[in-house]
> 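This is the structure I want to talk about, given as structure tokens.
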Amino acid sequence: DVKVTQSSRYLVKRTGEKVFLECVQDMDHENMFWYRQDPGLGLRLIYFSYDVKMKEKGDIPEGYSVSREKKERFSLILESASTNQTSMYLCASSWSGRARLYEQYFGPGTRLTVT
Amino acid sequence: DQQVKQNSPSLSVQEGRISILNCDYTNSMFDYFLWYKKYPAEGPTFLISISSIKDKNEDGRFTVFLNKSAKHLSLHIVPSQPGDSAVYFCAATKGGGTSYGKLTFGQGTILTVHP
């Protein structure tokens, strides 16, 4: 079974703090993704990575950065947390083979509250 | 600019009846479509998908229909069961190597199946 784990289920941070969200997958997936989920807006892509040290901006990258130093690990960084970054953060991963490219496997999510 | 839209925030259905969830898209470059199911406090899980070369794909109780001319897809669940109660997300992607499996999600529809 594919497993995607996220470092915390719940996190409370103060405005201005630097926040790290970690994601680890155990299936040797090439692609990894970070989304945020907000009511009425669905899942929106923040950043993704298709290889170690490679990253691409998604639809809402402002205020975020990412790091992928190892294939299995993809980190999302909030450089200076703000209240509008309060959200559910979901990590996902997928293979790069053509037949299976599109199916993404998700972690359980991190509920981040910025006060 | 919401390229994938699920215009019904919620749907309530009696157990044993059919559930029909709808999704519209605007980007004619999308050529692969997926449905995900999400329970509270869990990450989304892949349910069923369809390529643009098909107009129907069936997997047990779940069938996805694609109408390319209308840029519309729907998910049918027959018969509906209380365990199907969840949030359903529609997603779409463009093919090709440079997409890296990036998905664009809709806002989600909350399905409630009453016993």
Side-chain angles (χ1 to χ4, degrees), chain A residues 1-6 8-10 21 23-25 29-51 54-61 68 74 88-111, chain B residues 1-10 21-25 27 29-54 57 59 64 86-110:
Chain A
D1 260 4
V2 175
K3 195 153 188 188
V4 180
T5 56
Q6 295 184 228
S8 306
R9 295 301 299 268
Y10 299 94
L21 302 181
C23 174
V24 177
Q25 49 94 4
H29 286 169
E30 290 82 5
N31 306 318
M32 295 189 75
F33 307 83
W34 274 107
Y35 295 89
R36 60 178 283 176
Q37 182 195 354
D38 300 289
L41 296 176
L43 277 70
R44 293 180 293 165
L45 182 65
I46 304 171
Y47 266 97
F48 69 100
S49 168
Y50 53 89
D51 201 351
M54 305 306 290
K55 59 187 179 187
E56 293 279 343
K57 291 180 181 178
D59 300 316
I60 51 164
R68 193 165 180 204
F74 192 34
M88 169 68 82
Y89 289 88
L90 291 157
C91 174
S93 66
S94 71
W95 281 286
S96 266
R98 182 171 175 80
R100 309 171 80 172
L101 178 61
Y102 306 120
E103 185 180 331
Q104 293 183 12
Y105 295 83
F106 283 83
T110 296
R111 171 73 64 184
Chain B
D1 176 27
Q2 192 84 25
Q3 297 186 66
V4 178
K5 295 181 185 179
Q6 293 175 257
N7 291 317
S8 298
S10 63
L21 295 100
N22 293 302
C23 178
D24 297 296
Y25 62 96
N27 190 336
M29 299 296 290
F30 288 146
D31 60 3
Y32 198 84
F33 305 88
L34 306 90
W35 284 93
Y36 279 81
K37 178 166 78 171
K38 185 181 185 300
Y39 292 119
E42 293 183 15
T45 54
F46 170 75
L47 194 55
I48 193 169
S49 62
I50 188 166
S51 163
S52 60
I53 62 173
K54 295 186 174 182
N57 187 28
D59 183 3
V64 57
V87 181
Y88 288 79
F89 290 100
C90 166
T93 187
K94 296 177 248 191
T98 57
S99 76
Y100 302 111
K102 241 178 63 167
L103 298 177
T104 300
F105 284 85
Q107 306 97 311
T109 297
I110 302 169

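Order of the sequence lines fixes the chain letters, A, B, ..., with proteins taken first and strands second; residue numbering starts at 1 for each chain.
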> Mind checking what makes ring-ring contact (aromatic ring centres under 6.0 Å, His included) contact with B/F89, not counting sequence neighbours?
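With sequence neighbours excluded, B/F89 shows a ring-ring contact (aromatic ring centres under 6.0 Å, His included) to no residue whatsoever.
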> Which word best sums up how the rings of A/H29 and A/Y105 line up, parallel for under 30°, tilted for 30 to 60°, or perpendicular for over 60°?
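If you compare the ring of A/H29 with that of A/Y105, the planes turn out tilted.
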> Counting only non-hydrogen atoms closer than 4.5 Å, does B/Q2 touch chain A with its backbone (N, CA, C, O), its side chain (CB onward), both, or neither?
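The side chain, not the backbone.
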> Going through the checks in order, is the side-chain contact (heavy atoms from CB on, under 4.5 Å) test met by A/W95 and A/E30?
CA-CA 6 Å; A/W95 281 286; A/E30 290 82 5; 4.2 Å; yes
> Can you say whether the rings of A/F33 and A/F48 are parallel (under 30°), tilted (30 to 60°) or perpendicular (over 60°)?
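Rings of A/F33 and A/F48: parallel, as their planes differ by under 30°.
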> Which bit of A/L43 is near chain B, if near means a heavy-atom gap under 4.5 Å: side chain, backbone, both or neither?
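Both parts, backbone and side chain.
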> Kindly indicate whether the side chain of A/P108, heavy atoms from C-beta on, has any atom under 4.5 Å from the side chain of A/R9.
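A side-chain contact under 4.5 Å exists here.
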> When heavy-atom pairs shorter than 4.5 Å are enumerated against chain A, which of B/P9, B/A41, B/P44, B/G106 gives the highest number?
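Heavy-atom pairs under 4.5 Å are most numerous for B/P44.
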> In terms of heavy-atom pairs under 4.5 Å with chain A, which of B/V4, B/T104, B/L34 leads?
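Heavy-atom pair counts peak at B/L34.
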> When only pairs under 4.5 Å are counted, which of A/Q37, A/R44, A/Q6 shares the most heavy-atom pairs with chain B?
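Going by pairs under 4.5 Å, I would pick A/Q37.
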